[in-house]
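Everything quoted here is computed from the prediction, not taken from an experiment. We count ligands from 1, going down the list as the structure has it; atoms in each ligand are counted the same way. Nothing fancy with the numbering, it's 1 onward along the sequence.
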Amino acid sequence: MKRPVRSRKLFERARQILPGGVDSPVRAFQAVGGVPLFVRRGRGASIEDVDGNRFIDYVMSWGPLIHGHAPPGLVRAVAAAARLGTSFGAPTVLEHELGERVRALMPSIERVRFVSSGTEAAMSAVRVARAFTRREKIVKFAGCYHGHGDAFLVKAGSGATTLGVPTSPGVPAPVAADTLLARYNDLGSVETLFEAHPGRIAAVIVEPIAGNMGVVAPSDGFLQGLRALATRHGSVLIFDEVISGFRASAGGAQAIFGVTPDLTCLGKIIGGGFPVGAYGGRAEIMELVAPAGPVYQAGTLSGNPVAMTAGLWALKRLTPGLYKELARRGSMLAAGLAGAARAAGVRLQVNAFGSVLTPFFTNVPVRDYDSALSANTGAYATFFRAMLARGIYAPPSQFEAWFLSAAHTDRHVQQTIRAAQAAMKEVARET
Ligand code: KE4
């Protein structure tokens with residue numbers, strides 16, 4: 001790997017105008033050390049940085065790129081759309097075409113509203129759930145992340161945990177007080193909250209397959225239990241499927257586990273790499289959203305025709321064969337990482353679900369936020385740097401998911417495993 005000379009210069013300049021030199025905290029490499037690499041281009045499963053280094057990419061823009069970087073067909077489709085106009089602020093046929101495709105894949109979504117990010121989707125879903133139930137409190141799970149809306153920055157995962165600020169300054173105390181915290185995979189912790197706040201919980205919001213404390217799958221009966229509790233107490237069950245939607249399966253986690261949420265939040269893959277989020281669900285709830293109803297939510301670039309084109313392109317290619325291959329390679333990589341750690345005598349738990357996975361540097365099975373936090377972040381940082389030096393670009397945080405795409409081949413995975421075998425020896429030496 002060539003020294004990141006140009007990235008270093010660009011980073012110094014970026015820090016003069018962008019807080020921390022980035023537009024999203026996890027990109028700054030603070031948890032893993034070194035200079036964040038400035039990317040020049042991406043193609044298929046790979047990215048190239050401004051110093052000419054090439055990497056197999058497992059960040060994949062944090063999940064949207066299930067078909068890989070810049071698939072030629074997608075680039076052609078968005079170029080053609082842009083030539084017709086990049087934004088109108090007026091209805092286009094593309095929006096309800098994509099909405100109908102979302103409903104076909106996730107029948108619980110009887111009505112959907114497009115926005116420009118997963119954060120907007122989650123914020124809006126909670127607002128309409130509060131309006132529908134006329135209640136104010138929400139339940140979230142420690143370690144889950146639902147974007148940076150005030151209500152969610154309480155024991156939040158992803159970058160908030162990575163930077164050691166899971167509860168952010170600047171969130172007004174009354175707002176934080178309305179966010180009740182439960183433990184992932186612990187139904188009792190949710191029942192306790194319902195008993196303590198009878199008739200006051202508007203919604204339970206959960207990542208049905210958690211990705212933001214690292215990957216943590218729901219234990220048997222967990223999601224079904226949440227469904228029963230929400231129904232019993234008249235609360236809205238919100239599945240935040242920004243990661244798992246169209247990723248875990250074409251119908252998301254709700255299709256896999258057979259649990260029907262009242263509302264679903266979507267993002268990432270739905271935009272094919274362009275800024276798209278969405279929230280939707282039961283018509284009687286969603287019909288409260290303006291202008292059909294009184295709950296206000298709006299957006300200049302919501303339903304943008306270029307982004308809708310990219311989303312349609314991406315969702316039209318979610319075939320059963322795609323998921324089979326993604327799952328096969330995901331488990332190949334998971335097994336390879338585990339094998340590399342075992343051979344080097346490094347304590348590792350690999351949580352994998354289809355094409356997402358997280359290697360946790362701990363010997364404790366990771367089932368929730370506390371067990372995720374037992375991971376040795378220093379060991380992860382050593383591993384990250386050793387992999388980078390060998391041409392593998394992993395998420396620069398222990399508390400994130402690795403993403404595979406249709407562009408990742410067996411050769412890519414085998415190359416990654418070979419790099420991991422060497423990297424784990426460095427971890428063993430250094431920790
Ligand atoms: P965005 O606002 O970043 O589009 O979506 C927020 C969001 C909501 N819900 C879930 C389950 C999410 O994972 C996210 C965003 N995910 C992070 C990665 N873990 C985005 C990466 C970043 O923050 O830079």
Side-chain angles (χ1 to χ4, degrees), residues 18-32 36 39 57-66 114-126 138 140-163 165-166 168 184 203 205-218 238-248 252-254 261 263-279 299 301-302 304 307 310-311 351 353 356-358 369 372 394-403:
L18 307 175
V22 292
D23 284 317
S24 201
V26 70
R27 305 178 190 172
F29 278 24
Q30 282 188 5
V32 294
V39 177
D57 183 12
Y58 289 97
V59 174
M60 296 307 283
S61 181
W62 302 100
L65 308 181
I66 194 166
F114 291 108
V115 292
S116 297
S117 69
T119 292
E120 270 192 277
M123 284 167 61
S124 310
V126 161
I138 62 167
K140 80 173 281 292
F141 293 85
C144 283
Y145 178 72
H146 308 291
H148 62 85
D150 279 353
F152 306 122
L153 291 181
V154 181
K155 282 261 179 114
S158 184
T161 289
T162 300
L163 299 186
V165 192
S168 173
Y184 199 78
I205 184 166
V206 67
E207 291 181 56
I209 300 164
N212 287 293
M213 45 187 124
V215 174
V216 177
I238 303 174
F239 273 9
D240 179 344
E241 296 226 42
V242 167
I243 287 183
S244 57
F246 318 114
R247 167 67 62 176
Q254 55 194 272
L263 294 177
T264 298
C265 305
L266 298 167
K268 298 184 190 283
I269 291 170
I270 199 171
F274 283 73
V276 178
Y279 66 104
L301 293 171
S302 299
N304 172 275
N351 283 4
F353 198 102
V356 295
L357 61 90
T358 300
Y369 194 41
S397 160
Q398 168 67 93
F399 307 108
E400 292 288 358
W402 292 35
F403 294 95

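Closer than 4.0 Å to atom 16 (N) of ligand 1 lies at least one heavy atom of the protein.
Only the side chain of E400 comes within 4.0 Å of ligand 1, judged by heavy-atom distances.
Of all atoms in ligand 1, listed by their number and element, those nearer than 4.0 Å to a heavy atom of H146 are 8 (C), 9 (N). Each of the following atoms of ligand 1 lies closer than 4.0 Å to a heavy atom of S117: 2 (O), 4 (O). Shown in contact with E207 at under 4.0 Å from a heavy atom are these atoms of ligand 1, numbered in order with element: 11 (C). For ligand 1, the atoms sitting less than 4.0 Å from at least one non-hydrogen atom of I243 are 13 (O), numbered in the order shown with element in parentheses. Numbered from 1 in the order shown, with element, the atoms of ligand 1 that lie under 4.0 Å from a heavy atom of G147 read 6 (C), 7 (C), 8 (C). Interface of S24 with ligand 1, defined as ligand atoms under 4.0 Å from a residue heavy atom, comprises 22 (C), 23 (O), 24 (O). Ligand 1 places these atoms under 4.0 Å from at least one heavy atom of S158: 17 (C), 18 (C), 19 (N). When each atom of ligand 1 is checked for a heavy atom of V26 under 4.0 Å away, the hits are 24 (O).
At distances below 3.5 Å, at least one donor-acceptor pair connects side-chain atoms of T358 with backbone N or O atoms of V215. Within the 3.5 Å criterion, the main-chain N or O of G63 finds a donor-acceptor partner in the side chain of R247.
The shortest heavy-atom distance from K268 to ligand 1 is under 4.0 Å.
Nearest non-hydrogen protein atom to atom 1 (P) of ligand 1 is G118 N, 3.5 Å. The protein non-hydrogen atom at the shortest distance from atom 21 (C) of ligand 1 is W62 CG, 3.7 Å. Atom 19 (N) of ligand 1 has its closest protein heavy atom at N212 OD1, 2.4 Å. For atom 10 (C) of ligand 1, the nearest protein heavy atom (residue, atom name, distance) is Y145 O, 3.3 Å. Ranking the protein heavy atoms by distance from atom 9 (N) of ligand 1 puts D240 OD2, 2.7 Å first.
Counting only heavy atoms from C-beta outward, the side chains of P396 and R27 never approach each other to under 4.5 Å. Contact annotation: the side chain of F274 never approaches that of N304 to less than 4.5 Å [non-hydrogen atoms, C-beta and beyond]. Using a 4.5 Å heavy-atom cutoff, the side chains of P218 and I209 are in contact. Taking the side chain as every heavy atom from C-beta outward, I238 and C265 approach each other to under 4.5 Å.
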### Task
Show the numbers, then the answer: is there a side-chain hydrogen bond (donor to acceptor under 3.5 Å, both in side chains) between S244 and E207?
CA-CA 8 Å; S244 57; E207 291 181 56; over 6 Å; no
### Task
Please step through side-chain hydrogen bond (donor to acceptor under 3.5 Å, both in side chains) for the pair S158 and E400, ending with a clear verdict.
CA-CA 6 Å; S158 184; E400 292 288 358; 2.9 Å; yes
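The only member of V206, T119, D240, N212 that meets side chain to side chain contact (heavy atoms under 4.5 Å, CB included) when paired with H146 is D240.
Between the side chains of T161 and Y145, not a single donor N or O lies within less than 3.5 Å of an accepting N or O.
The option from I205, T119, V276 that lies nearest to atom 2 (O) of ligand 1, judged by heavy atoms, is T119.
Relative orientation of the W402 and Y58 rings is tilted, given thresholds of 30° and 60° on the angle between their planes.
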